Amino acid sequence: MAGKISTAGYSSVIPTVRKNRLLGFMWKYKALYFISIPGILYFLIFKYVPLAGSVIAFQNYNLFKGISGSPWVGLEHFQRMFSHYDFLNILKNTLLLGIYDIAFAFTAPIILALLLNEVRLMLYKKIVQTIIYAPHFLSWVIVSGIFVGILSPSSGIVNVMLGWIGIDPIYFLGEESYIRSILVGSGLWRDVGWGTIIYLAALAGIHPDLYEAAEIDGAGRWKQTFSITLPSLLPVITILFLLKIGDFLDYGFERVFVFQNPLNLRNSEILDTYIYKAGLRQMQYSYATAIGLFKSVVGLFLLVIANTLSKKATGESLY
């Protein structure tokens, strides 16, 4: 009997001790918790609260009746999306641009950061970094204007150079076959420099003693790159790749819309631009939300798979 009374006493005391310890821990780091409040509020208000609006994907949403008054239609909008005559083509364009983006726009900053890391003249390195960072601060409207000018069939520098070797002018933005290359190339030019920042920061954190020890052992630059530099970058590459996979279908509305025209629409229409046209231009809010929800679910699915594979293969993961 006495033993039972003693156990009950401990079971009531232990949670109290843990609670006091937690409060003490939070009080110790109260400044950090205080400055995190704006960030938490931002995510709650602008990221989590709008998630509740996703329910209109299962309704025939009416602006005047609101969510509570609009009729429920189940999966009707999803069935309509999959049965749309051009849905497979739109999905194919989105997937292809996503694959190209990972193949080129994700790997190019890694290669560029490795090349910049080999530059020993600091002044030259800083000048190059400044030049390649600059395009990132241009809006997509300006970027499209630059590319339209460069690729112009009448006065663009590309067609002028083609004319020097006897090739007739090409209207690149009017050809379906060129639009994906233009989209990937413009994104690469705008963001490749900016993407090197994290990799250069990671490279700066590698201890110089590792390279000195490798030199003593007779390792050249290539051997040092494959044995020291790349393994040290692997955790950063893995995390950024997982974040990229999560946004696989979010290629970006602006970067595509500014290059679209009726002549290249067949190969440039993606889910983001189609959502804009269906949702805002045609006021089909529920239908557009269903497509957006489909994108999010696919992104989450890919992220979970990639995270699991990465955890098993490299030991690095987001969670």
Side-chain angles (χ1 to χ4, degrees), residues 25 29 32-33 35-36 39-40 42-43 47-48 95 97-120 122 125-126 128-130 132-133 135-137 184 187-252 295-319:
F25 182 82
Y29 298 102
L32 293 176
Y33 286 103
I35 62 176
S36 68
I40 294 171
Y42 167 80
F43 278 97
K47 299 293 181 182
Y48 286 94
L95 290 174
L97 287 172
I99 292 170
Y100 294 156
D101 208 40
I102 286 178
F104 297 103
F106 181 76
T107 55
I110 301 172
I111 297 170
L112 187 57
L114 291 173
L115 294 174
L116 285 173
N117 191 51
E118 296 299 320
V119 176
R120 293 291 174 260
M122 291 306 295
K125 184 177 179 179
K126 290 183 181 299
V128 172
Q129 283 181 270
T130 304
I132 61 177
Y133 289 168
H136 176 75
F137 299 99
V184 175
L188 198 62
W189 175 76
R190 181 179 182 267
D191 293 327
V192 68
W194 189 255
T196 61
I197 291 177
I198 296 178
Y199 298 113
L200 288 172
L203 289 169
I206 301 175
H207 204 289
D209 288 353
L210 294 174
Y211 292 108
E212 291 177 6
E215 284 183 4
I216 293 172
D217 290 340
R221 298 305 300 177
W222 278 109
K223 187 71 175 177
Q224 292 176 30
T225 300
F226 286 105
S227 301
I228 300 173
T229 308
L230 284 178
S232 301
L233 279 181
L234 187 60
V236 178
I237 294 173
T238 304
I239 296 300
L240 293 180
F241 179 75
L242 292 174
L243 293 174
K244 190 78 175 176
I245 283 292
D247 295 330
F248 184 69
L249 293 183
D250 285 319
Y251 192 71
K295 275 179 50 188
S296 302
V297 171
V298 172
L300 178 63
F301 184 67
L302 292 175
L303 178 62
V304 170
I305 293 176
N307 192 70
T308 305
L309 294 176
S310 172
K311 198 171 186 177
K312 289 182 178 178
T314 66
E316 303 292 339
S317 62
L318 287 176
Y319 53 87

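Position 1 is the first residue of the sequence; numbering continues from there. Quick caveat, the model's predicted, so the values are computed rather than measured.
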Checking [X] now: which residues fulfil side-chain contact (heavy atoms from CB on, under 4.5 Å) with it, not counting sequence neighbours?
| X | answer |
| --- | --- |
| I111 | L115 |
| L249 | T94, L95, L271, K295, V298 |
| L300 | V304 |
| K312 | T308 |

Practice task
Applying side-chain hydrogen bond (donor to acceptor under 3.5 Å, both in side chains), name anything that partners Y133, two or more places apart in sequence or on another chain.
Solution key: Q129
Exercise for the section: Using side-chain hydrogen bond (donor to acceptor under 3.5 Å, both in side chains) as the criterion, list what pairs up with E212, not counting sequence neighbours. Expected result: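 Checked E212 against side-chain hydrogen bond (donor to acceptor under 3.5 Å, both in side chains); zero matches.
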Handout entry: Selection residues 192-210 - residue pairs positive for salt bridge (charged side-chain N to carboxylate O under 4.0 Å, His left out), sequence neighbours left out
Key = none
Practice task
Keeping to residues at least two apart or across chains, list the salt bridge (charged side-chain N to carboxylate O under 4.0 Å, His left out) pairs with something in residues 190-206.
Solution key: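 Every pair satisfying salt bridge (charged side-chain N to carboxylate O under 4.0 Å, His left out) with a residue in residues 190-206: there are none.
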Handout entry: Pairs where residues 195-222 contributes a residue and the test ring pair (Phe, Tyr, Trp, His ring centres under 6.0 Å) is met, not counting sequence neighbours
Key = W222-F226
Would you compute the distance between atom [atom1] of [X] and atom [atom2] of [Y] and round it to the nearest 0.5 angstrom?
| X | Y | atom1 | atom2 | value |
| --- | --- | --- | --- | --- |
| L303 | D247 | CG | CG | 9.0 Å |
| I40 | Y33 | CD1 | OH | 9.5 Å |
| I198 | I237 | CD1 | CD1 | 11.5 Å |
| T196 | L116 | OG1 | CG | 6.0 Å |
| L233 | T238 | CG | OG1 | 10.0 Å |
| I110 | L203 | CD1 | CG | 10.5 Å |

Exercise for the section: For Q224 and A219, indicate whether the former's side chain and the latter's backbone hold a donor-acceptor pair under 3.5 Å. Expected result: yes
Handout entry: S310 side-chain N/O to A306 backbone N/O, donor-acceptor pair under 3.5 Å
Key = no
Problem - With Y48 via ring-ring contact (aromatic ring centres under 6.0 Å, His included) - residues at least two apart - result: none
Handout entry: Test ring-ring contact (aromatic ring centres under 6.0 Å, His included) applied to F301 - qualifying residues, sequence neighbours left out
Key = none
Handout entry: Within-4.5 Å side-chain heavy-atom neighbours: V128 and V119
Key = no
Handout entry: Close side-chain approach of T225 to E118, heavy-atom, < 4.5 Å
Key = yes
Anything under 3.5 Å between a donor and an acceptor, one on a side chain of residues 98-109, the other on a protein residue two or more places apart or in another chain? List them.
from: D101; atom 1: OD2; to: K244; atom 2: NZ; distance (Å): 3.0
from: T107; atom 1: OG1; to: A103; atom 2: O; distance (Å): 2.6
from: T107; atom 1: OG1; to: F104; atom 2: O; distance (Å): 3.4

Exercise for the section: Apply the test side-chain contact (heavy atoms from CB on, under 4.5 Å) to residues I305 and I245: give CA-CA distance (whole Å), side-chain angles for both, the deciding distance (0.1 Å), then the verdict. Expected result: CA-CA 10 Å; I305 293 176; I245 283 292; over 6 Å; no
Problem - side-chain contact (heavy atoms from CB on, under 4.5 Å) assessment of K223 paired with E215 - result: CA-CA 10 Å; K223 187 71 175 177; E215 284 183 4; over 6 Å; no
